[in-house]
Amino acid sequence: MVEIDSLLHAGYHNPAQRPWQIERTLTKGALMYPIFITDEPDSLIPIPSMPNQYRIGINRLEAFIAPLVSKGLRAVMLFGVPNDSVKDEFGTAADDPSGPVILAIKLLKSKFPELLVSCDVCLCEYTSHGHCGHLNSDYTIDNTASVKRLAEVAVNYAKAGADNVAPSDMMDGRMRAIKQGLLEAGLSHRVSLMAYSAKYASALYGPFRDAACSGAKFGDRSAYQLPPGSRGLGRRAIERDVREGADIIMVKPAMFYLDIVRDAKEIAPNHPIAAYQVSGEYAMLHHSAAAGVFDLKTAVLESMASLQRAGCNLILTYFTPELLEWLD
């Protein structure tokens, strides 16, 4: 019986992942592009709060991604944006074989086999209440039921062909459950696990909630996402996810949390460290440049340098299309 904490192969199985293991200057291989997949198959819908970003239908996806792959895109992160009609209390549609994420996995792996396809694993886009898991009768999170469901979704994404699964829900213990599920499915050698380990309850997610139509219908997520001032909790969460089998450790948001990125690098020196430059950070840089505050390219490259200086091997950013050109 192989122990969970012995499973290392998935973290470097795919060639796109190997640069993440190495501290280096910014290259195209250090970038992952988050994209939103809508269940409206022929749509390419601009997101007003995120300039140059879209909700992409499955029939438009190949044409959207092909030019980026030709410019050197190595990895994407998929977020499903389902129609309200499929949402229910339990997030049943999250791993629907005919839903946007699984269709996108299969299309991308068919058309671009060298592209690493990562999937965000959460229920908030698929629940009628907009929270990231199942709820108790008093509207608090049912952690046990949530973890069970999240592990099912992650394994089904892996079975569909995903190279990496990335639970963003911040439930306790979900990393171990997903890693065990991948092991039992015979996929632990191929599918890596990226932990949204230090994910803070930030004001910077506003444009994302607009993009993914995933706002909570009541309350907020501060009972399970980390308080912004909590360095100690961030460190404990990183340590926990390392113990539970994470292949990659993520900090989110990025630029407001560089101290946590550095903590992650010190706590997990043998793991790739990722940071997610979130929608609010993207929008701030865009709108500041549009107002003449600074040059967009210069500011974005400086932001990338700050993340790498803090210890990042992998950066998730909506600026990936521009960076693919700028790095040439």
Side-chain angles (χ1 to χ4, degrees), residues 28 31-73 75-87 93-94 99-105 107-108 111-112 115 117-120 122 124-126 130 168 202-217 252-255 276-297 299-301 303-304 315-326:
K28 296 177 181 182
L31 302 171
M32 179 179 280
Y33 186 28
I35 57 176
F36 301 97
I37 311 298
T38 176
D39 60 4
E40 300 174 16
D42 297 312
S43 294
L44 189 66
I45 305 168
I47 300 168
S49 56
M50 298 177 66
N52 304 326
Q53 303 304 311
Y54 304 87
R55 299 188 196 102
I56 309 161
I58 192 71
N59 294 341
R60 306 289 291 272
L61 184 57
E62 180 181 359
F64 183 88
I65 290 293
L68 300 177
V69 171
S70 70
K71 293 175 184 176
L73 179 67
V76 294
M77 174 74 82
L78 304 182
F79 292 89
V81 187
N83 190 284
D84 283 349
S85 65
V86 305
K87 298 183 181 185
V101 172
I102 288 183
L103 290 179
I105 295 168
L107 183 145
L108 290 173
K111 300 297 184 181
F112 310 103
L115 182 69
V117 176
S118 180
C119 295
D120 178 85
C122 196
C124 61
E125 300 103 313
Y126 302 92
S168 62
S202 174
L204 296 171
Y205 303 143
F208 176 91
R209 304 260 162 81
D210 177 34
C213 305
S214 63
K217 296 297 187 291
K252 178 184 182 183
M255 296 186 295
Y276 195 146
Q277 188 178 58
V278 300
S279 58
E281 296 170 285
Y282 174 82
M284 283 193 298
L285 288 169
H286 248 297
H287 295 313
S288 294
V293 174
F294 46 59
D295 173 71
L296 183 64
K297 177 180 177 181
V300 171
L301 289 173
S303 75
M304 296 295 109
I315 300 170
L316 291 84
T317 176
Y318 301 100
F319 285 111
T320 295
E322 289 89 344
L323 286 162
L324 292 174
E325 294 188 1
W326 294 338

Review point. Would you call the rings of F79 and Y276 parallel, tilted or perpendicular, where under 30° means parallel and over 60° means perpendicular?
Key: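 F79 and Y276: tilted rings.
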Looking at every non-hydrogen atom in both residues, tell me the closest pair between [X] and [Y] and how far apart they are.
X    : Y    : result
V81  : P100 : N-CG, 4.3 Å
P48  : P46  : CD-O, 3.4 Å
T38  : S43  : CG2-CB, 4.1 Å
Q277 : S303 : NE2-OG, 3.1 Å
C119 : I105 : SG-CD1, 3.4 Å
I56  : L44  : CG1-CD1, 3.9 Å

What's the spacing between [X] [atom1] and [Y] [atom2] if we round to 0.5 Å?
X    : Y    : atom1 : atom2 : answer
F112 : L107 : CZ    : CG    : 7.5 Å
F36  : I45  : CZ    : CD1   : 12.5 Å
Y33  : T317 : OH    : OG1   : 9.5 Å
I37  : R60  : CD1   : CZ    : 12.5 Å
L103 : L61  : CG    : CG    : 10.0 Å
N59  : D42  : CG    : CG    : 4.5 Å

Check your understanding: Side chains of L301 and L323: closer than 4.5 Å at any heavy-atom pair?
Key ->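 With C-beta onward as the side chain, the pair touches.
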Exercise for review: State, yes or no, whether a side-chain contact exists between F319 and L285 at a heavy-atom distance under 4.5 Å.
Suggested key: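 When only atoms from C-beta onward are counted, L285 and F319 do touch, with a gap below 4.5 Å.
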Point to revise | Salt-bridge criterion met for E322 and K297 (N-O under 4.0 Å) | key: no
Treating [X] as the side-chain partner and [Y] as the backbone partner, does any N or O pair qualify as donor plus acceptor under 3.5 Å?
X    : Y    : answer
Y282 : P51  : yes
Q53  : Y318 : yes
E62  : K111 : no

Exercise for review: Run the numbers on L78 and D120 for side-chain contact (heavy atoms from CB on, under 4.5 Å), then give the verdict.
Suggested key: CA-CA 6 Å; L78 304 182; D120 178 85; over 6 Å; no
Exercise for review: Kindly determine whether H286 and L296 satisfy side-chain contact (heavy atoms from CB on, under 4.5 Å), including the steps that lead there.
Suggested key: CA-CA 7 Å; H286 248 297; L296 183 64; 3.8 Å; yes
